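Please read the structure below before turning to the comments.
Side chains are part of it too, since the values below use all heavy atoms of this structure and drop only hydrogens, waters and symmetry mates. Residue numbers start from 1 in every chain, and the chains themselves are labelled A, B, ... in the order their sequence lines are given, proteins ahead of strands. Here the structure is a predicted model, which means the values were calculated and not measured.
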Amino acid sequence: MDPELEPPQLQFRSAQMGGAFDDFHGLISPPQVTGGSSFTALLELAPPQAVELLVTEDFPAKQPPPPPIFPTDIGLIHRASKFSVFASADNSLESNAILSVSNSIPVKQEELDADSRRNSSSPAGSDQSLKSGKRKEREKKLKESNKKSKSKAANDDGEELPYVHVRARRGQATDSHSLAERARRDKINARMKLLQELVPGCNKVSCHNCLLSIIVSSMGSNCGDYLGLIFSGHSKRLAPLTKCICRCVVQISGTAMVLDEIINHVQALQRQVEFLSMRLAAVSPGIDFDLDSLFTVNGSSNDNSYSGMFAPPICTEGQLDGARQLQLQQLWHCDELHQSVWARETDTSNFIAPANSLLSYDSTSANSGKPVAPRCTTS
Amino acid sequence: MSSLSQNPKKTLSFSSTMKNPNYNPLKKRLASRFLKAMGRLKCKMSPFPATIEEKRRRHRAVRGAAYASMASAVGPRRAWSRALLRKMKGRKRARRNPRNVDERFGLNLNQLCDVVPGGEGMDSRSLLNETAHYIKCLVAQVQIMREILHSSSSSSTTL
């Protein structure tokens, strides 16, 4: 989808949507009783560190060079064995192999409600509220890869049994492809390991669910932002990924919460219309509306409508970067605001670019000034 | 196109994605309509509202103009815009099916019906579609209004 995004990460992130949320959902549903935005509470300490983790591209460099020497954690070793066993498969199949791994993890099915059961177990991807065509493809891919990875696992089983020595390159050292692949895998596994240590309660589930949930939670403390994003992004480029995210959000936090967020979002927007109309009514005799029409037409509306629509819900939440200058020339470009939103959330400017790439925002102009309101209305 | 004949819901989404009747993107249409409406309002309004009641009336007028322009810009393609237009014209022909649209998700679709205009007589799937489009238009409208405010406040020296 997005060329900026590292392909394998995107691959496994998109591949894992296909099935294996049930275990994570089973994990989440007890803490949901605590209320509120449950998964953010669950991952509350994760976002800042995880963000740094995701962002810092020199992460493997920071780590000591042989990262995956799993010391004592048996569960960790088990997971690593699964990774190494299945990861001897092809490059392109790795994501699906990991998905098959996560599927093989025993699923806690007792607490799933009908929704998630339907979502998770319907093989054909029954017609839920979101289109499931993409899921069908993923399911098919998963089945193929299961066969392939199993056969390869049988082949490589002999050499992978001493899986503690992950870096023992027996029989693979000569192949440059596998070397590179192994390095990449090690990088990913190291990051996963750290993520799992950071995120409480994520130890029992597949790493990629954790990763995704971290991304989801760190993108916005509020589901509503995401939903505004999802609903606003009607463009085709964004549709698959937003659908994935939406599905993920629904699975993680349950449909009731999602609906609540939708309702809150709509109500917040209506409130905004109300306040803005009040302000406009107060100011309006002084406004020359024809002149405004000239401005708005001239202002090049490259439809960053997507990112533009993302802006207002964040605006109400509060403190924006008030230092932005009003620039009438670029009325519709919201990238600046966009970035300031993320900066507000995470306080790292590094996060902005990966965040954009992660969600494949179509931000054509990265640094155009958006007339951000120093929104100092106290209603 | 065969899809057009099959399913009215698909027709709606298809045409909205293709933006068939509207070459202009949504924002431009919303902006132009809203500005026209505000221009019309401005003629009627007195330059300095004396009483609070006048202010409130103006406020309501602006809000009504906002919603009306939004609905008319979208046109009758969407159920929520039709419902809004009906409300504006005063025909309270609201088909109030007390139908708990609880089929699929169960819980909060009733609240959603209340919030989104025209949410009464719809099943859950179309309700969510309408909500999505409604959110999109609301967001665009909010942005337009905000930008009008800012352009006016920046052009005038005093706020």
Side-chain angles (χ1 to χ4, degrees), chain A residues 114-115 127-129 227-228 230-236 255-256 258-260 262-263 265-267 269-270 272-274 276-293 295-297 299 301 303 305 308-313 315 326 328 331-332 334 371-373 375, chain B residues 16-17 25-28 31-32 35-36 38-39 41-42 45-49 55 58-67 104-109 111-112 115-116 124-125 128-129 131-136 138-156 159:
Chain A
D115 257 343
D127 199 8
Q128 306 285 332
S129 63
L227 293 174
I230 288 158
F231 285 126
S232 311
H234 276 218
S235 72
K236 285 176 193 169
T255 314
V258 168
L259 279 177
D260 278 338
I262 295 174
I263 291 170
H265 193 74
V266 173
Q267 283 172 339
L269 284 174
Q270 285 176 339
Q272 282 191 48
V273 171
E274 183 96 16
L276 282 173
S277 69
M278 194 154 39
R279 288 175 70 189
L280 268 179
V283 180
S284 76
I287 298 178
D288 185 4
F289 285 103
D290 293 329
L291 194 60
D292 279 356
S293 69
F295 270 120
T296 57
V297 166
S301 67
D303 237 45
S305 63
M309 285 164 198
F310 196 41
C315 282
L326 301 178
L328 288 175
L331 285 175
W332 308 113
C334 297
V372 168
R375 187 164 165 82
Chain B
S16 61
T17 53
L26 179 68
K27 253 194 194 174
K28 278 189 186 164
S32 63
L35 288 170
K36 279 186 213 161
M38 291 293 287
L41 264 186
K42 191 186 154 190
M45 283 192 297
S46 58
F48 191 69
K55 285 181 189 164
R58 247 210 245 169
H59 164 50
R60 262 179 263 136
V62 172
R63 190 183 60 197
Y67 279 116
R104 294 171 66 194
F105 304 111
L107 305 176
N108 287 325
L109 286 180
Q111 297 185 29
L112 201 55
V115 172
V116 174
S124 51
R125 180 174 182 222
L128 286 178
N129 276 333
T131 309
H133 194 263
Y134 184 57
I135 287 178
K136 182 174 161 189
L138 266 182
V139 169
Q141 181 71 31
V142 163
Q143 197 178 20
I144 287 168
M145 290 169 73
R146 198 173 273 143
E147 280 163 6
I148 290 175
L149 266 179
H150 298 325
S151 68
S152 72
S153 68
S154 68
S155 61
S156 65
L159 189 68

Can you tell me how far [atom2] of [Y] sits from [atom1] of [X], rounded to the nearest 0.5 angstrom?
X      : Y      : atom1 : atom2 : answer
B/R58  : A/L280 : CZ    : CG    : 11.0 Å
A/H265 : B/Y134 : NE2   : OH    : 11.5 Å
A/L276 : B/Q141 : CG    : CD    : 9.5 Å

What closest approach, in Å, do B/L138 and A/V266 show between heavy atoms, and which atom pair accounts for it?
CD1-O, 4.2 Å
Any side-chain heavy atom of A/M278 sitting closer than 4.5 Å to one from B/K55?
no
Do B/M145 and A/R279 come within less than 4.5 Å of each other through their side chains, counting heavy atoms only?
no
